Each structure stands twice: as structure tokens, then as C-alpha cells.
Amino acid sequence: MSAQTSRIREIPYNYTSFSDREIVIRFLGESMWALLNELRGERRTGHSARMLFEVLGDMWVITRNPFIQDDLLENKKRRQMLVGALHHRLDQIVARAKGNDKALQLETQARAAVRRFSDWFDAQHALRQKALRIFGRVTRRDNIDFSGIARVSHVTDATDWRIEFPFVVLTPDSEAEIPLLVKACAELELTIIARGGGTGYTGGAVPLYENTAVINMEKLEALGVVEQRLIPGYAAPVATVRCEAGVVTKRVSELATQHGLVFAVDPTSQDASTIGGNIAMNAGGKKAVMWGTTLDNLLSWRMVTADGNWLDVERLDHNMGKIHEPEKVTFRVTRQDVKRKHPLVKRKF
């Protein structure tokens, strides 16, 4: 075995989980990866291949680093110098190709990739300006964050999967802003991720698409008092508490303990997970063995539909236990128009 370990990856600055093959395919297409390997087999790509990989490496490190993106977005001259240097390297590949059609095909695709890379900055700037105007109708300016630190801190959850960086992170001040932000995202054609504590292990908070808006619920932390309420289909009053999506699970558990009660939802992440995330993932924990998971302990909850209206779901004839134990389980679902503030549809299931 050689004393010096050979490089596994030839694309510079690639310290990500993406292989050289995946990066080439991402920028140039799968057929170009096959063509590149053909040229290697002919031993005709040495210096030109290195220059091609340098071009891809420069674009890749910027594609995967929102901080550099912000710097280039703010400095058009620096951006032009970078793009000029990329084209210069490709010019060198053409000069060395000596009429080799395969090498020229690679250069043509790489040239197109550089143009797309360059065009992205202008498109990104324009989209940010448009998003600021549209989101600004709904929430405060400092709740709309395009910064590198916001995008990096919302690219993954506890899985540590990193697929795409989100376009923007929104941190609404109130529950009432949520449906209006959803409508705004639809107008901008953005994918939406509602994010709680970011403690999930299923990738639910991981953006899969570049044009994604992450709506962070951390400010929605209103927690009511424990109330004994009469609920439909149940004779005796039961202990209830109303809380917003961003309330940390441990706070509800501690509130229950203060009243001599038990909150059944106790995932190991309860010091950081939120009620909204618990509902979304139907969280459990060790107490769930006796008292059930989140769904078993919900009286009602409110969601926002894809068209930006409210959807209220209420459990009827609650058995105060695990949902699978009754033969029949009934819910009342009400859709409410956000603007007119009246029910659109009310149904039982």
C-alpha cells in the first residue's frame, strides 16, 4: 500500500457529503459524467480535467456557502471578476482540446453551467426584493431573514441531513400571521416548512428544494392555565391547557406537575422540542406506554391549509386514553376563511 493516500475526490473545496460524480451530474448532467470517464479512458483529459474540476469546485463551494453568496450578492464587481475567471479557465480547455469533440462537449456544458451560476445571483436578488415587499405586508421586516446565519441554522434538524439551504427564514410574531404568510409563500411559489425545535430525526424540517421558506414557530410561545372543562361526550370535567405551537414541551410537563397532573408527551428531546412538532410527529416517550402519544392526548388543534385558511380539528367523545382502544373515533373538522372569519365547511369524521 502506498504511504501517501491518494485523493478520493478531485473537485477542490468539496468537503461535503456529495461525491465528485454527484457534483458533476448536478452542474453538467449525467451524460457528461459518462463522457468525462470516456475521456479519462483515452488518457486525454489530464490538465483540462483539472481546470474543469476547479471551475466546478469554485461554483460548488459558493453554492454550499450562504455566507459567500451574501458577499457576492452585495459586491457585483467581485462577482463579475469571479465569473470572468471561470470563463477564462474554460477558454483554456478549448485551447487545449485540439478539436476533440468530447472535450468540447464538456466545455459547452460547463460554459452553460457557469452562465446559470452567474444568472442565479441576479435572480436571487430580484426574488429577495419581491419577497420583502410581499412578506412585509404581513409581518415586520426583522422577521424576514435571508442572511447566511439564518439559512445555515435552518438547513437541517437532528438528522444533520443537508440537502438544500432555504431561501428565507420567517419568524412570525403571532399566530394570526401564519395563514397570511402561507398565502404570501404561495404567491411567491415557495415550498413551505413549518419548523419547531428542530429536534426531529425524520427529516421533517430539512429543505429539499432551494426556493423554500422556513416558518419558525419559536415566538409562538403563549401557554395558558390549566382549566377544568366540560367537553363534548364526557360527563366529568377534565384538565385542559391551551398552548401555541412554539411552546417547549417541558414547560407543559412542568405546568401539569404543578397541578398534580401528568402530561403524557415526554420525548427525550422535551427540553427543546415544541408542541407543534409533537403534534406534527405524534411524539410519544416512556409515558406513552400507559397514556398514549400526542394524538391520544389532544382535545383539539388548529392548522393552516395550503390555501392559507384555518383548519380546526376537534376530537368528539374523547375516551381519555389511546385512540385505538375505541371502536369508533369521531372528529369535527371546520375550515375557516381567514379574511371573512366565518366557517367555510364543518364536517364530522
Side-chain angles (χ1 to χ4, degrees), residues 11-18 22-29 54-90 109-156 161-172 181-195 205-216:
I11 293 180
Y13 318 120
N14 182 19
Y15 306 110
T16 68
S17 59
F18 288 76
E22 290 171 312
I23 294 171
V24 171
I25 290 173
R26 188 183 181 103
F27 284 123
L28 309 181
E54 285 176 5
V55 170
L56 297 180
D58 284 352
M59 292 194 297
W60 182 243
V61 73
I62 294 167
T63 299
R64 301 303 292 178
N65 193 316
F67 299 101
I68 302 178
Q69 292 171 10
D70 286 347
D71 182 63
L72 291 172
L73 279 165
E74 295 170 4
N75 194 321
K76 188 173 183 178
K77 184 177 180 181
R78 187 177 299 170
R79 192 164 76 236
Q80 289 172 338
M81 290 174 62
L82 168 66
V83 173
L86 297 177
H87 281 297
H88 176 72
R89 287 190 191 136
L90 295 178
Q109 292 302 316
R111 188 86 63 180
V114 171
R115 284 194 289 269
R116 290 193 298 271
F117 171 78
S118 177
D119 292 344
W120 178 88
F121 289 95
D122 292 329
Q124 183 76 182
H125 181 267
L127 184 57
R128 287 187 180 188
Q129 294 305 307
K130 182 179 180 181
L132 272 176
R133 292 195 302 272
I134 294 174
F135 289 135
R137 303 171 193 159
V138 178
T139 191
R140 292 185 298 127
R141 170 63 184 84
D142 56 0
N143 292 337
I144 309 164
D145 201 341
F146 302 103
S147 70
I149 187 65
R151 296 172 65 208
V152 166
S153 59
H154 289 78
V155 71
T156 189
W161 294 338
R162 298 166 191 271
I163 312 301
E164 294 288 352
F165 290 93
F167 165 68
V168 65
V169 176
L170 305 169
T171 51
L181 287 175
V182 170
K183 287 179 181 290
C185 288
E187 184 177 345
L188 290 162
E189 298 183 335
L190 299 176
T191 300
I192 301 170
I193 289 179
R195 183 182 173 96
V206 177
L208 300 180
Y209 305 97
E210 180 183 1
N211 283 350
T212 294
V214 173
I215 303 179
N216 187 313

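None of the values given here were measured: they were computed from a predicted structure.
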Under 3.5 Å: donor-acceptor pair, side chain of Thr63, backbone of Met59: yes
Least distance between heavy atoms, Ala213 atom then Cys185 atom: CB-SG, 3.7 Å
Gap separating the OG1 atom of Thr156 from the CH2 atom of Trp161, nearest 0.5 angstrom: 9.0 Å
Whether over 12 other heavy atoms sit under 6.0 Å from Tyr209 OH: no
Arg141 side chain near Leu132 side chain, heavy-atom distance below 4.5 Å: yes
Thr139 side chain reached by Leu181 side chain, heavy atoms, under 4.5 Å: yes
salt_bridge(Arg79, Asp71) N-O dist < 4.0 Å: no
Within 6.0 Å of CD in Gln129, more than 12 heavy atoms from elsewhere: yes
Of all pairs that satisfy ring pair (Phe, Tyr, Trp, His ring centres under 6.0 Å), the ones with a partner from residues 127-154, not counting sequence neighbours: Phe146-Phe167
Side-chain heavy-atom pair Ile11, Phe18 within 4.5 angstrom cut-off: no
Heavy-atom side-chain contact between Asn211 and Glu189 under 4.5 Å: no
Verdict with supporting geometry, Val24 and Leu56, side-chain contact (heavy atoms from CB on, under 4.5 Å): CA-CA 7 Å; Val24 171; Leu56 297 180; 3.8 Å; yes
Ala113 versus Leu28, closest heavy-atom pair with distance: CB-CD2, 4.0 Å
Least distance between heavy atoms, Pro166 atom then Val155 atom: CD-CA, 4.2 Å
Separation of Ile144 CD1 from Leu170 CG (nearest 0.5 Å): 6.5 Å
Exam field: side chain Arg111 to backbone His87, donor-acceptor pair closer than 3.5 Å: yes
Heavy-atom check, side chain of Glu210 versus side chain of Trp120, under 4.5 Å: yes
Min side-chain heavy-atom separation Leu72-Ile62 under 4.5 Å: yes
Beyond-backbone contact of Val114 with Leu90, side-chain heavy atoms, under 4.5 angstrom: yes
Check against side-chain contact (heavy atoms from CB on, under 4.5 Å), Leu190 and Thr212: CA-CA 5 Å; Leu190 299 176; Thr212 294; over 6 Å; no
CZ on Phe67 to CZ on Arg151, rounded to 0.5 Å: 9.5 Å
Inter-residue atom distance Phe165.CZ - Asn65.CG, 0.5 Å rounding: 7.0 Å
Interatomic spacing from CG in Leu127 to CG in Asp122 - rounded to 0.5 Å: 12.5 Å
Ionic contact status for Arg26 with Glu164, cut-off 4.0 Å: yes
Heavy-atom donor-acceptor pair, Arg195 side chain to Val169 backbone, under 3.5 Å: no
Spacing of Glu187 atom CD and Arg137 atom CZ [to the nearest 0.5 Å]: 5.0 Å
Smallest separation among heavy atoms of Pro207 and Val214, with atom names: CG-CG2, 4.4 Å
Side-chain ion pair, Arg89 and Asp58, N-O less than 4.0 Å: yes
Side chain to side chain, Ile134 and Leu188, heavy atoms closer than 4.5 Å: yes
N/O donor-acceptor pair under 3.5 Å between Asp145 side chain and Ala150 backbone: no
